[in-house]
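Side-chain atoms are counted along with the backbone in the values below, which use heavy atoms only and exclude waters and symmetry mates. Every value quoted in this text rests on a predicted model; they were computed, and no experiment measured them. Counting convention: from 1, in listed order, for ligands and their atoms alike.
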Amino acid sequence: MGSLPVVLRIIGNSWKPFKETYVCNRYGALRNPAFEPSRAFAAEAHIGNKLEYDLLWKQAQQDPIAFWEDAARNITWFSKWKKTLVWKEPYAQWFVGATTNAAYNCLDRHLKQGLGKKTAILWEGEDGSSTETSYESLFEQVCQLANALEHKMGLKAGDTAAIYMPLIPEAIVAMLACARIGVTHSVIFAGFSGNAIKDRVNDAESKVILTADVGYRRGQEVELLKTVDSVIDQMPSVSHVVVLRRKGTTLLGPKHLDWKDLLKDQSKNHFAQPFDAEHPLFLLYTSGTTGKPKGIVHSTGGYLVGVSATAKWIFDLKPNDRFWCTADIGWITGHSYVVYGLLAHATTIVLYEGAPMHPHPGRFWEIIDKHRVSILYTAPTAIRAFMRAGNEHLQKYQLSSLRLLGSVGEPINPEAWMWYHQEVGKSRCPIVDTWWQTETGCILISPLPGVIATKPGSATKPFLGIVADIVNEQGESCASNEGGYLVIKHPWPSMLRGIFKNPERYQESYWSRFPGMYFTGDGAHRDDKGYFWIKGRVDDVINVSGHRLGTMEVESALVSHPAVAEAAVVGKQDPVKGQALVAFVTPKLEQKIAVKALIQELKDHVVREIGRLPGPMRSS
Ligand code: PRX
């Protein structure tokens, strides 16, 4: 369906980017609005002087390696690198020969600075209950689990473990415990089905699965353990399933180990060993243009440098910030800006386990007031849904603690941007529209809130040290306002190190279309002020509510149903989700089932095969 050449032709010939942005709101129509950083914000910002920034930006464009070498000072290294970058296209190695430990950077070093009592995680449940976890307590739990993984399960550096957990502090404990002992973690979003777990666990050959009996969403229990158990016999590499029992009644089977029992006997100390900067910190599966998700491999040292530098400067992080990134840890946003980028700066983070509008449409705003959130980082889909729900749900709350807003995952339409700015940010908070991908590890295009004037709908400029361009089909730089393909022309530290066990697909997906450049798969244009306007995917990947889905993945799921002869899936514009899936299905002739019932059956089948992610499809 929709093969790449066809899409390219559409982009190349008839796709005309808007030169003007008109934003209509209750204050009237604005033409090409731009919002300068306020003096007050700039005065307090890490980067707040435009002249200094311009100079720094130019230097970092000319010598990205020197910029990143400098940024590497955000990280504690156990031994220094011999070479900053070794680049043999398409493989990069950063900080070659250096050693570090990701968990040490997120925990131990803060304790050494006397920050043990500082709150690391403010967790909020859907029912309004909440907990606070200090850096000291997080450290102790991570050490206990790391000890248990090593001594009770025999895991060692180089092994892989899967994490299939709800958005609770223990999910972060699991990630950091793996990182601490050099076990590569593979977090599987808790909405995925048994089949999706099986494919990911088998591809990664994960030895252990860390899970919980249930999660909670929309007032319902989500049966995580049951989902794991439904495929446990088809995952031969798994020796143990560690279960966090949240309900007293959950019974354990032969491969199950009780989380709390395991930790009880373990020491609250653990020596963080040094790992090579290139040691794989995690695998994260994401959708591509084929039916099979790809295991994106991320390094330790370079990844930490990328996420810590961008977290600090793009979110202008300060010691007293309370940062709420609403993404699940099952996605890259959760990895980079819930866990590693934020904890590396000893930030207090907010975690919310539940649906955004449950039990009422003001739930987000209630959480912001309750926990005095200062930075909110969320997706345009959520913003549009709240906008639709009506301002009355938001007007009950002060939102006075907010000082910065972020957007991620999909293009934000100017109307949603303006609503976010005026209604949530009260025209006081800068908005950072951050463009990046699972593969890029960290944000690559975004405003720096103290120096870059923002324009609704534009992610503005490449981050320091990121050499981005927009090229035509021949790989030549496009002129201003000419639509083309977004590419990155110089390696950056947190770039993916490959696709797990699939070097051909790595080469083909990112490095073949334009030789010498990383192809993002996105279409974009740059205006005459050098601002980037990202239009979205130009391949067979659909972005539903900020989450990536390959059309082929859904097609494969559909044709695996016995009633289906052929299936084709396309994306369709959706006012809230950005894009929605539309499936065209040809049933087998001998089909006796009524059309309506078949449609429902196929929707359920896709959920069984892939998970809740695609959401209900339209019937066509
Ligand atoms: O199409 C772009 C879109 O999301 C894709 C990456 O998806 P994923 O790997 O799931 O990561 C999402 C979270 C980083 C990109 O190829 N995208 C992401 N952020 C933006 C965006 N599109 C426009 N504007 C953004 N700010």
Let's go through Ser477 and Asp469 carefully: what are the C-alpha distance in whole Å and the side-chain angles of both, what is the deciding distance for side chain to side chain donor-acceptor pair (under 3.5 Å) to 0.1 Å, and is it a yes or a no? CA-CA 7 Å; Ser477 294; Asp469 198 3; 2.4 Å; yes
Answer yes if the side chains of Asn195 and Glu609 hold a donor-acceptor pair under 3.5 Å, and no otherwise. yes
Can you tell which of His547, Lys577, Glu410 makes a side chain to side chain donor-acceptor pair (under 3.5 Å) with Thr381? Glu410
Test of understanding: with side-chain hydrogen bond (donor to acceptor under 3.5 Å, both in side chains), list the residues that count as partners of Tyr164, not counting sequence neighbours. none
Answer with yes or no whether the side chains of Asp203 and Tyr285 bring together a donor and an acceptor at under 3.5 Å. yes
Just the distances, no angles: every ligand 1 N or O to protein N or O pair closer than 3.5 Å, one line each.
{"from": "ligand 1", "atom 1": "1 (O)", "to": "Asp522", "atom 2": "OD1", "distance (Å)": "2.8"}
{"from": "ligand 1", "atom 1": "1 (O)", "to": "Asp522", "atom 2": "OD2", "distance (Å)": "3.1"}
{"from": "ligand 1", "atom 1": "4 (O)", "to": "Gly409", "atom 2": "O", "distance (Å)": "3.3"}
{"from": "ligand 1", "atom 1": "4 (O)", "to": "Asn543", "atom 2": "ND2", "distance (Å)": "3.3"}
{"from": "ligand 1", "atom 1": "9 (O)", "to": "Thr438", "atom 2": "N", "distance (Å)": "2.8"}
{"from": "ligand 1", "atom 1": "9 (O)", "to": "Thr438", "atom 2": "OG1", "distance (Å)": "2.6"}
{"from": "ligand 1", "atom 1": "9 (O)", "to": "Arg548", "atom 2": "NH1", "distance (Å)": "2.8"}
{"from": "ligand 1", "atom 1": "16 (O)", "to": "Gln437", "atom 2": "NE2", "distance (Å)": "2.9"}
{"from": "ligand 1", "atom 1": "16 (O)", "to": "Asp522", "atom 2": "OD1", "distance (Å)": "3.1"}
{"from": "ligand 1", "atom 1": "16 (O)", "to": "Asp522", "atom 2": "OD2", "distance (Å)": "3.0"}
{"from": "ligand 1", "atom 1": "16 (O)", "to": "Arg537", "atom 2": "NH1", "distance (Å)": "2.8"}
{"from": "ligand 1", "atom 1": "17 (N)", "to": "Gly409", "atom 2": "O", "distance (Å)": "3.4"}
{"from": "ligand 1", "atom 1": "19 (N)", "to": "Gly409", "atom 2": "N", "distance (Å)": "3.2"}
{"from": "ligand 1", "atom 1": "22 (N)", "to": "Pro411", "atom 2": "N", "distance (Å)": "3.4"}
{"from": "ligand 1", "atom 1": "24 (N)", "to": "Glu410", "atom 2": "O", "distance (Å)": "3.4"}
{"from": "ligand 1", "atom 1": "26 (N)", "to": "Asp433", "atom 2": "OD1", "distance (Å)": "2.8"}
{"from": "ligand 1", "atom 1": "26 (N)", "to": "Thr434", "atom 2": "O", "distance (Å)": "2.8"}

According to the interplanar angle, ranging from 0 to 90°, do the rings of Tyr337 and Phe315 count as parallel (below 30°), tilted (30 to 60°) or perpendicular (above 60°)? perpendicular
